[in-house]
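In listed order, ligands and their atoms are each counted from 1. Numbers here simply count residues along the sequence, with the first being 1.
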Amino acid sequence: DKEYVGFATLPNQVHRKSVKKGFDFTLMVAGESGLGKSTLVNSLFLTDLYKDRRLLNAEERITQTVEITKHTVDIEEKGVKLKLTIVDTPGFGDAVNNTECWKSVADYIDQQFEQYFRDESGLNRKNIQDNRVHCCLYFISPFGHGLRPLDVEFMKALHEKVNIVPVLAKADTLTPMEVKRKKIKIREEIEQYGIKIYQFPECDSDEDEDFKQQDQELKDSIPFAVIGSNTVVEAKGKRVRGRLYPWGIVEDLKDVTRETHYENYRAHCIQSMTR
Ligand code: GDP
Ligand code: MG
């Protein structure tokens with residue numbers, strides 16, 4: 001049971017239709033080079049891509065990411081279909097010039113909005129392929145003291161465009177105490193620098209206590225500690241892989257993408273068209 005990614009858990013009635021039809025989701029990973037971004041997405045979602053290269057081990061098949069790459073996988077869990085698109089990005093340090101390292105990533109996100117905007121204004125509006133980025137896992141180094149200046153710059157450049165979910169990379173290199181302290185430090189700095197990370201939805205007041213407690217634990221674990229090589233995370237709350245993408249949160253990430261980030265983009269476009 002622990003091996004599930006978890007999107008099939010507890011689909012409620014409201015979402016029954018999407019469950020039947022299947023849904024799509026675009027996840028981006030970003031952050032400094034060498035923090036295990038590619039390893040994590042590969043170990044979580046993309047293992048199928050390497051079926052015919054079974055002889056290579058995980059380490060050998062991952063090479064440094066030098067450009068933005070997109071992979072799509074179809075996953076099915078308990079009869080629920082998910083078309084997952086992973087957007088892997090080169091980290092800072094991979095590029096020759098690190099100033100404005102966020103630029104190509106920001107441009108990529110904008111291009112997806114632009115494409116959607118064009119399609120939405122076109123004739124075939126019913127069958128739009130939605131490539132907008134719904135969530136960006138932002139990797140933070142376990143070796144620094146909290147955030148680095150580039151982290152701040154990067155997240156601030158993107159926070160109006162995409163839902164940022166910060167993660168503490170390579171958590172296996174830290175003791176549980178260090179993980180705890182770093183998380184607190186990072187949360188404080190996120191606040192201090194005015195970085196707007198994704199806000200998990202409020203939990204319904206009629207949920208049971210167990211659920212509320214789990215929900216609070218989830219919110220208190222930000223930035224999520226991740227380990228790339230095996231599964232995802234965070235010792236205390238068992239099925240965290242499931243809890244990173246429970247149904248309501250996936251839907252919420254898409255809602256925020258559509259209602260906030262895309263609407264901002266759209267408003268800008270229309271404004272500049274009428275100027
Ligand atoms: P990226 O540049 O962020 O995409 O990083 P990679 O996925 O290419 O990984 C960089 C190196 O870190 C590789 O040698 C990985 O095997 C290693 N690595 C990846 N994830 C982890 C992790 O969670 N813990 C540790 N200790 N090493 C990791
Ligand atoms: Mg990479």
Side-chain heavy-atom pair Met28, Val162 within 4.5 angstrom cut-off: no
- prompt: Would you say ligand 1 has an N or O under 3.5 Å from any N or O of Thr173?
  reply: no
Options Leu40, Val29, Thr39, Val41, ranked by nearest heavy atom to atom 15 (C) of ligand 1, top entry: Thr39
- request: Answer yes when Arg187 and Glu191 have at least one side-chain N-carboxylate O distance shorter than 4.0 Å, and no when they do not.
  value: no
statement: A student comparing Pro142, Ala30, Gly36 should find that the heavy atom closest to atom 20 (N) of ligand 1 comes from Gly36
field: Contact (N/O only, under 3.5 Å) between Leu35 and ligand 1
entry: yes
Lys37: partners by salt bridge (Lys or Arg N to Asp or Glu O under 4.0 Å), with sequence neighbours left out: none
field: Test of proximity, Ala171 against ligand 1: N or O pairs below 3.5 Å
entry: no
- prompt: With a cut-off of 4.0 Å, which atoms of ligand 1 are near a heavy atom of Ser38?
  reply: 4 (O), 7 (O)
field: Separation of Asp210 CG from Asp215 CG (nearest 0.5 Å)
entry: 12.0 Å
- request: Determine, stepwise, if the pair Leu40 / Val29 fulfils side-chain contact (heavy atoms from CB on, under 4.5 Å).
  value: CA-CA 9 Å; Leu40 186 75; Val29 291; 5.6 Å; no
message: Show me the pairs that pass ring pair (Phe, Tyr, Trp, His ring centres under 6.0 Å) and involve residues 152-172, at least two apart or across chains.
response: Phe92-Phe154, Tyr138-Phe154
message: Any N/O/S atom from Ser38 (main chain or side chain) under 2.8 Å of the Mg ion (ligand 2)?
response: yes
